There are 2 protein chains.
Amino acid sequence: MAGYDASKFERPSVTVDVILFTVKDDDLKVLLVKRNVDPFKDMWAIPGGFVKIDESLEDAAKRELLEETNVRDVYLEQLYTFGDPKRDPRTRVITAAYFALVNAEKFKLKASTDVKDVNWFSMFDLPELAFDHKKIVEYALKRLRWKMEYTTVAFSLLPEKFTLTQLQKIYEIILDKSLDKRNFRKKIKALELVKEVQEFQEEVAHRPARLYTKNKKIGEIVEIF
Amino acid sequence: MAGYDASKFERPSVTVDVILFTVKDDDLKVLLVKRNVDPFKDMWAIPGGFVKIDESLEDAAKRELLEETNVRDVYLEQLYTFGDPKRDPRTRVITAAYFALVNAEKFKLKASTDVKDVNWFSMFDLPELAFDHKKIVEYALKRLRWKMEYTTVAFSLLPEKFTLTQLQKIYEIILDKSLDKRNFRKKIKALELVKEVQEFQEEVAHRPARLYTKNKKIGEIVEIF
DNA sequence: CCAAAAGTGTTAGTGATACACCCATGT
DNA sequence: ACATGGGTGTATCACTAACACTTTTGG
């Protein structure tokens, strides 16, 4: 922190971008918005926007997500700040990227004024993205995979009540590898991450699975080293 | 990313701050600078400063470290971006904090124009710090400890040639716990992190220890999960 | 010969992996 | 009765943790 008067400096703009993941239709999906303005008009991009002068970065991330996509109440954490001077062709823009997870069945997407369209895309079949958003999304995937292995973030992708098979599938889809059912259940139970509910799946053409909820103070994210 | 003209917005200032750690005199030290200007004139702070309009965040971090403290060639990674609207009393300042490690014996500290004084402080006995720097330093310590357990960052705190006891001490000081010598050496050797050198310690009043170097392509940081 | 740190192996316990069959339900 | 996923236990392997004595050097 130097003895400069901040106002002497030509200032970069600051944005937040939010990489929102969900698991849906047996696939890992990212939320993208279609840009309605230049630069990169009509191209898909990560939702985001400028940080207001009196809001925190996290508040900005929540606000953008709500405004552009109608999504609220997500697991949210800061991912990384991308500040390459050339990442925006117009001017210097530094972006604090956030990383978010939701259970997709809880809201309806809707577009907004700045945005022509909003949609889920398979992480493994993305369209061309605006700015350096490809790089950002790839970085987010790395972080997501890491978090899956060492924390309980997976639970934020589930509905209130879920089966152990649903939970396991989330791990399998994101980590892109199959897991042993018995070992998986053994571990989940040993860590006491879930609590039995006195209910079972309904309307399935096979033996209905027991339902579980997250156990109390996993509330949010537990490191499971 | 929204359809706004960036120039319409009141822009926050962006700084980088660098938390530089070293291990010295059997203690974990942080580099602090004494501010020569308001706000917080004469108070100790993490080195840092404004990001220039055409330099990347990482370049800014390197530049500030060199300018304010004469330190170069460090291990450097982005830590977190702090953006609370009230963290700077003057105006909105968002700071991208970087986290750095050096072997302290390789350079001479020197103060600069913006800075009255530069010095190493024990991480466990810090003076009062400017801004929200206490919080930032604590966050950096958490990250450092985490990195010690799961990566090979420790090696960036060592000189070219070192003994296994020196290496072990670094772990012990930072993690603040003692480790078993035999198990420690077994693990380091099993992971092939070090290479024997045909030299020994000199001028010590006991059996001289064998010297080692970092093994080839640990070059930088290896995750040791 | 004393002080100081260097160096070295074995055992027990814990957690991870591999693996196959019966069960409950709907059609 | 059959198809579909649900549900369960044991044995092996790998890694971690605990632990004590001998060696080499300088003073």
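Every chain is numbered from 1 and lettered A, B, ... according to where its sequence line falls, protein lines coming before strand lines. Computed from a predicted structure; not experimentally measured.
- Salt bridge B:Lys24/B:Glu105: absent, no basic N to carboxylate O contact under 4.0 Å.
- Here the side chain of A:Arg182 is nearest to one of D:dT8, C:dA5, D:dG6, namely D:dT8.
- Taking 4.0 angstrom as the limit, B:Thr165 places a side-chain polar atom (N or O) nearer than this to OP1 or OP2 of C:dA6.
- B:Thr163 comes within 4.0 angstrom of nothing in the nucleic acid, heavy atoms only.
- Between the base of D:dT16 and the side chain of B:Lys186 there is no donor-acceptor pair shorter than 3.5 Å.
- Proximity of the aromatic rings of A:Trp146 and B:Trp146 is defined here by a centroid distance below 6.0 angstrom, and this criterion is met.
- Over its length, the helix from C:dC1-D:dG27 to C:dT27-D:dA1 turns its helix axis by 0°, as judged from the five terminal pairs at each end, rounded to 10°.
- Across D:dG7, C:dA16, D:dT25, the shortest atom-to-atom separation from the side chain of B:Arg207 is found for D:dT25.
- Residues A:Ile136 and A:Thr95 form a side-chain contact, since some pair of their non-hydrogen atoms from C-beta on lies under 4.5 Å apart.
- In this structure, the nucleotide among C:dA6, D:dA17, D:dG9 sitting nearest to the side chain of B:Asn183 is D:dA17.
- The residue A:Lys169 sits apart from the nucleic acid: no heavy atom pair falls under 4.0 Å.
- Distances shown here put every side-chain N or O of A:Arg210 at or beyond 4.0 Å from the OP1 or OP2 atom of D:dG7.
- Going from atom NZ of B:Lys181 over to atom P of C:dA5 covers 10 Å, rounded to whole Å.
- Comparing C:dT25, C:dA6, D:dT16 by their closest approach to the side chain of B:His206 singles out C:dA6.
- The closest side-chain heavy-atom distance from A:Phe99 to A:Tyr139 is not below 4.5 Å.
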